[in-house]
Structures are given as structure tokens and as C-alpha cells.
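Accompanying notes for the structure given below.
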Protein chains: 2
Amino acid sequence: MKLNERGLLVVLSGPSGVGKGTVRKALFQMPNHDLVYSVSMTTRAPRDGEIDGVDYYFVSKEEFLKRIKENRFLEWAEFVGQYYGTPKDKIEEQLDKGKEVVLEIEVEGALQVRKQMKDAVFIFLVPPGKKALYDRLKNRGTEALEVVQQRMAKAESEFLLAHKYDYIVVNDEVNNAADRVMAIIRAEHAKTARTIHNYLKMIGE
Amino acid sequence: MKLNERGLLVVLSGPSGVGKGTVRKALFQMPNHDLVYSVSMTTRAPRDGEIDGVDYYFVSKEEFLKRIKENRFLEWAEFVGQYYGTPKDKIEEQLDKGKEVVLEIEVEGALQVRKQMKDAVFIFLVPPGKKALYDRLKNRGTEALEVVQQRMAKAESEFLLAHKYDYIVVNDEVNNAADRVMAIIRAEHAKTARTIHNYLKMIGE
């Protein structure tokens, strides 16, 4: 029996290279959940096989700029001449249906979201130490040492923003981290602020 | 990897007859936990088979009154000439060892505890409706209808104190309720306020 019927917006963030995508995948592979991805909107052209509404919402630049003006993004950014953003209305639709919307996002974007979505749950995923993160970035092996060092420098500054989040989860082992995120989602649903309304209705009947 | 090494004081409360004891038992039967009971202190004599420090801490009335004066109880009450209380120092000892101390307690006692233990986790266990509680009280079958009605009246007033708790958990099915309580414990350990200190130490190394 669920006292809180509305879904949660779960913002999964953390320093560059911590493994947000891997934890998100492990989370979705767990049984019995109502998780959905937040689908981003973009002005770039769809690539082969990409489906509108699944991979991205593909819109024109005019449409995107109009939506920025109308304040219809939780966050947006421009990247090499194309726009990318998180559409607010699509997320609200899913939350109303009772879905937990998972937003996997960089630290900067997450802090933009925080301003607009006061009752979202903000989770900061961290490596089990700086060295672990450095090793992880290096072992990807696809990037020059200089790029690794740039990403590490970015991560160092992001490390200091942990206090702006509700929870800190160590990504020591991906399934442990996913388990903890799932526990957080379940616990947040039971929070008094989220349940008291339906609770009072229930005992009034 | 645990960023918060200290245990949590978990206060499991709720209206009379909701099934606190049953949920607590189911909770302790779950695998992989560090839960311990909070053992009460009493002035009544041990019954056959009761062990000091396990069932209760048995002390003299003089000792108990001295401890009240020294503010060494989280809560205490007198019941038919005997004293019962929750000793603070024993709980602190267990929390320091990283144990989660579960305190299953009536609503009135829980609100006394709240005043002294600001970072404890307060969970309000509720029935899935008033009728469900009435049926449960009646079906115990051991009590006269008048007693059932008295307990129901007590529960009705306790129902209105839910907002003083951190979480509201519906006891629709005992294992569901225990699962939710366990999720709350895991989530609370990841809260930023509890983890930031060790997190900053970790990334400083």
C-alpha cells in the first residue's frame, strides 16, 4: 500500500568519471521498480536508429529557443552549436503517473534542477577515493594522459559540491551503489512530508 | 564502504495495536544487519528465566531514582508501582560500536526520546485504515469488548501525532513493513549530514 502515489524525481549526479551511467544501468536491472529514464530534448539531428521520444525528443532550434523562453526546461546547455535540455512537462507527466524519473546528469546541471524541483531527491555518487577515480579515468584507456588530467581537475572541483546534495553514495561496487540508491527511493516515499496528506485521508475514512 | 560508521537509533512507534512487535521481529529476521534491541531498565523483580542485560537491566528502586535525577534515561514511566526506562548510556555504547539500536516504544515515550536524541530516526507505523486496526484488536480475542474500545480510543488520539515523526510506514503486510523500515535505515546512513564528515576526510587523502 502506497501512501505517496506520486513518483519521485531522482537526480543521480557526481563528479566526472564516477560511473553514473553504470550505476543507473544496474538500478534499472533490479526487479520490481517503476523507474523510467528522463528523455532529453535536443536540436541535433537523430542518428541512425535513434527514435524520437526514446533516445531524445528531437526538435528544431526555433522550438528549443521558444521553450527556453517559456521556462520549460529544468536545465539546458549548448554544446558545439547544438542545444540539449531536460523538458519539465514530460517529467511532470511521468511523476503524475507514479513513475520514478531518473535523471543522470552532470553536477552543474543538477544544481540548476535543484532550483526548480524542491522535492526531487539529489544523490551524489562518489568514488571510494581520489586515487580510485584517477585509476578509473586512466583505465578507460581511450584518452590521452592530458585529457585524463583535465577530467581529474574538473572532478576535483566537483568533489567540493557534495554538501549541496541530500545523499552521498559511494560507488565502491556498482551493485552496492544501486542497492543504496533503491533504498533511498523507497525510504523517500515513506517520508512524512510525502505521506501525511494521504495518511490523514486514510484514517479519516 | 560505510561513510557513516556510527549506528542509528531507530525509534519504531505507532498507535496501540498496530503490530510494532511483529514488525520488529520480522526486521530482526532479515539477513545482513547490525540491529540490536534496546534493553530497558526496570525495578521489578526478574521472572523465571529472565536474564539481566538481555531481557531487562534489573536495578533497585534507589538506583533507578538516582538515574532519573542524573538524567540518564531517554524516557521512563511508572507502571503499577514499578519503574521502566530506556537507559541512555547503554544506547550510546552500542551506537558507538556501529550498531543500529531499535527502540520499540509507545507514542508517548517516543516523543520524550525525540527531545533528547535529535539525530535518531523516528518511524510511525500505521494500520492500513481504522477498521483494520479495530479488527486486529478485536481478533486478538483475549480482551473484553470494552478493553478493545478503550484501546481504540487511545489509538485514535495517537493517530494524530504522525506529523511528529520522520517517516510513516503502513503495516499492511508485516514483511513489506519490515522491508520499508530496512530501506529507511540504509537510506538514513547515506544522508549528507551523516556522511559529509568522513567523505571530506576520504577525498582529502
Side-chain angles (χ1 to χ4, degrees), chain A residues 1-4 14-15 18 32 121-134 155-173 176-177 179-205, chain B residues 1-4 14-15 18 32 121-134 155-173 176-177 179-205:
Chain A
M1 181 172 194
K2 261 189 169 176
L3 280 180
N4 179 36
V18 71
N32 306 321
V121 181
F122 289 80
I123 301 173
F124 198 65
L125 211 60
V126 300
K130 273 189 188 172
K131 198 181 166 307
L133 185 65
Y134 186 78
E156 298 255 3
S157 68
E158 291 168 336
F159 271 138
L160 302 174
L161 297 167
H163 64 283
K164 294 191 180 270
Y165 287 77
D166 302 314
Y167 297 94
I168 299 175
V169 169
V170 184
N171 185 17
D172 45 359
E173 201 279 310
N176 279 349
D179 268 355
R180 281 181 199 132
V181 171
M182 196 57 97
I184 289 168
I185 295 172
R186 299 200 67 198
E188 281 283 334
H189 270 291
K191 271 207 172 162
T192 301
R194 299 190 200 274
T195 46
I196 191 90
H197 179 79
N198 279 339
Y199 164 74
L200 291 173
K201 240 169 64 182
M202 181 182 81
I203 63 156
E205 276 161 10
Chain B
M1 183 174 193
K2 263 190 166 175
L3 281 179
N4 179 35
V18 70
N32 305 322
V121 182
F122 289 81
I123 302 174
F124 198 64
L125 211 59
V126 300
K130 272 187 190 175
K131 198 183 164 307
L133 183 65
Y134 186 77
E156 298 256 2
S157 68
E158 291 167 337
F159 271 137
L160 302 174
L161 296 168
H163 64 282
K164 295 195 181 263
Y165 287 77
D166 302 314
Y167 297 93
I168 300 175
V169 169
V170 184
N171 185 17
D172 45 359
E173 203 279 311
N176 278 349
D179 268 355
R180 283 181 198 130
V181 171
M182 196 58 98
I184 290 168
I185 295 173
R186 297 199 66 196
E188 281 283 335
H189 270 292
K191 272 207 171 163
T192 300
R194 299 189 200 274
T195 47
I196 192 90
H197 178 79
N198 278 339
Y199 163 75
L200 291 174
K201 239 170 63 181
M202 180 182 80
I203 64 157
E205 273 158 13

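Nothing here was measured: the structure is a model prediction, and the numbers come from that model. Residue numbering restarts at 1 for every chain, and letters A, B, ... go by the order of the sequence lines.
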Quiz item: If you tally heavy-atom pairs under 4.5 Å against chain B, which of A/Lys130, A/Glu173, A/Glu156, A/Lys131 wins?
Solution: A/Lys130
Exercise. Counting only heavy atoms closer than 4.5 Å, note whether B/Asp179 contacts chain A via side chain, backbone, both or neither.
Key: both
Quiz item: Which value, rounded to the nearest 0.5 Å, describes the distance between A/His189 atom NE2 and B/Arg180 atom CZ?
Solution: 10.5 Å
Practice problem: Just give me the residue among A/Thr195, A/Asp172, A/Leu200, A/Asp166 that pairs up with chain B most often, heavy atom to heavy atom, under 4.5 Å. | Solution: A/Asp166
Quiz prompt | Region of B/Phe124 in contact with chain A, defined by heavy-atom distances below 4.5 Å | solution = side chain
Practice problem: Search all heavy atoms of B/His163 against all heavy atoms of A/Thr192 and return the closest pair with its distance. | Solution: CA-CG2, 4.0 Å
Quiz item: What closest approach, in Å, do B/Ala187 and A/Ala183 show between heavy atoms, and which atom pair accounts for it?
Solution: CB-O, 3.9 Å
Exercise. Please look at B/Phe159 and chain A and tell me whether the side chain, the backbone, both or neither of the residue comes under 4.5 angstrom of a heavy atom of that chain.
Key: both
Quiz item: Which one of A/Glu188, A/Lys191, A/Arg194 satisfies the side-chain contact (heavy atoms from CB on, under 4.5 Å) criterion with B/Tyr167?
Solution: A/Lys191
Quiz item: Taking side chain as C-beta onward, heavy atoms only, is A/Leu3 less than 4.5 Å from B/Ile168?
Solution: yes
